[in-house]
> 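Just passing along the structure, written as C-alpha cells.
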Amino acid sequence: MKLYSLIGVFALAGAPCLAEPTHSGGMLESCIPCHGLDGIARDAEVPNLAGQNEAYLLNQLRAFHQGRRIHKEMLYMSRKMTDEDMQALAAYFSSLPPR
Ligand code: HEC
C-alpha cells in the first residue's frame, strides 16, 4: 500500500508542467513576471504576447538577441537564449488565447 502511494507521488512530480514548452531551457519562468504565464502583460509598458503571430515573436526574440532591436531588459533576457529556446517560447506564447 505504502509503496503504491509513493509511486503515485513520483509520477505526479515527474509530470510535465501544464503547457510549459519542453525546449525553452526553463526560460519561460523568467518571462512570467513581466509578460504573464498567460501572455497577458502585467504592466502598461510591456506588450501582450498571447495569440501574437509565432513568426513575428520569433523574429523579435532574434532581433533582441542580436541587438537589432534595442531594449535593455529584453536584451538581457534574450542574451542566454538559444535559437531552440526562442522557437519554443514563440510557439508557446502564440498558442495562448489573446485577451
Ligand atoms: C523585466 C520585464 C521583462 C521580462 C522579464 C521579459 N520581457 Fe519581454 N518585453 C519587455 C518589454 C518592456 C518589452 C517591450 C520592448 C520595447 O518597448 O521595445 C518586451 C518585448 C518582448 C517581445 C516583443 C513583443 C512585440 O510585440 O514586439 C517579445 C517577443 C518578448 N518580450 C518576449 C519575452 C520572453 C520570451 C521573455 C522571457 C524569456 C521575456 N520577454 C521577458 C519586458 C520583459
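Computed from heavy atoms alone, side chains included, the values below leave out hydrogens, waters and symmetry copies. First listed ligand is number 1; within each ligand, the first listed atom is number 1. As the structure is a prediction and not an experimental result, all values here were calculated from the model.
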> Distance to 0.1 Å, residue and atom name: give those for the protein heavy atom nearest to atom 29 (C) of ligand 1.
Leu57 CD2, 3.6 Å
> Could you pull out the closest heavy-atom pair between His65 and Met81, with the gap in Å?
CE1-O, 3.2 Å
> Rounded to the nearest 0.5 Å, what separation is found between the CE atom of Met77 and the CE atom of Met27?
6.5 Å
> What's the atom name of the N, O or S in His35 nearest to atom 8 (Fe) of ligand 1?
NE2
> Hey, is there an N, O or S on Met77 sitting under 2.8 Å from atom 8 (Fe) of ligand 1?
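So Met77 does not count as coordinating atom 8 (Fe) of ligand 1.
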> Consider every N or O of Gln60 and every N or O of ligand 1, then say whether any pair is closer than 3.5 Å.
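No; the residue has no nitrogen or oxygen that sits under 3.5 Å from a nitrogen or oxygen of the ligand.
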> When you look for heavy atoms under 4.0 Å from ligand 1, do you find them on the side chain of Leu61, its backbone, both, or neither?
side chain
> What residue and heavy atom of the protein are closest to atom 5 (C) of ligand 1, and at what distance?
Ser30 O, 3.2 Å
> Any side-chain to backbone donor/acceptor pair from Asp43 onto Glu45? Under 3.5 Å, distance only.
yes
> Starting from atom 28 (C) of ligand 1, which protein heavy atom do you reach first, and at what distance in Å?
Leu49 CD2, 3.7 Å
> Give the residue and atom name of whichever protein heavy atom lies nearest to atom 30 (C) of ligand 1, and the separation in Å to one decimal.
Met74 CE, 3.4 Å
> Compare Tyr92, Phe93, Tyr56 and give the one whose heavy atom is closest to atom 26 (O) of ligand 1.
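Of the listed residues, Tyr56 has the closest heavy atom.
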> Who's the nearest protein heavy-atom neighbour of atom 4 (C) of ligand 1, and how far?
Cys34 SG, 3.3 Å
> Which ligand 1 atoms, with their elements, are less than 4.0 angstrom from a heavy-atom of Met81?
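Checking each atom against Met81, I get 38 (C).
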> For ligand 1, which atoms have a heavy atom of Arg69 less than 4.0 angstrom away?
15 (C), 16 (C), 18 (O), 23 (C), 25 (C), 27 (O)
> What protein heavy atom lies closest to atom 15 (C) of ligand 1? Include the residue and the distance to one decimal.
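In this structure, atom 15 (C) of ligand 1 has His71 CD2, 3.4 Å as its nearest protein heavy atom.
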> Does Phe93 reach the side chain of Gln52, with side-chain heavy atoms less than 4.5 Å apart?
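Of all side-chain heavy-atom pairs linking Gln52 with Phe93, none is under 4.5 Å.
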> Does Leu57 reach the side chain of Leu49, with side-chain heavy atoms less than 4.5 Å apart?
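Heavy-atom side-chain distance check passes, below 4.5 Å.
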> Measuring from non-hydrogen atoms of Tyr76 to any atom of ligand 1, is the shortest distance under 4.0 Å?
no
> Considering only protein heavy atoms, which is closest to atom 22 (C) of ligand 1, and at what distance to one decimal place?
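The protein heavy atom lying closest is Phe64 CE1, 3.5 Å.
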> Ignoring hydrogens and geometry, is there a side-chain-to-backbone donor-acceptor pair from Asn53 to Ala55 under 3.5 Å?
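Side chain of Asn53 to backbone of Ala55: no pair is present.
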> If we ignore hydrogens and angles and just use 3.5 Å, is the side chain of Asp85 paired with the main-chain N or O of Thr82 as donor and acceptor?
yes
> Quick one: does Arg62's side chain get under 4.5 Å of Ser78's, heavy atoms only?
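Counting from C-beta outward, Arg62 and Ser78 never come under 4.5 Å.
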> Is there a side-chain contact between Leu37 and Leu96 in this structure, where contact means two heavy atoms from C-beta onward sitting under 4.5 Å apart?
no
> Please find the pair of heavy atoms, one from Pro98 and one from Gly51, that lie closest to each other, and give the distance.
CD-CA, 4.2 Å
> Quick one: which ligand 1 atoms are inside 4.0 Å of a heavy atom on Glu45?
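Going through ligand 1 atom by atom, the ones under 4.0 Å from Glu45 are 12 (C).
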> Considering Pro33, Cys31, Pro47, which one's heavy-atom position lies nearest to atom 24 (C) of ligand 1?
Pro47
> Any donor and acceptor pair, going by atom type alone, linking the side chain of Arg42 with main-chain N or O of Ile40 inside 3.5 Å?
yes
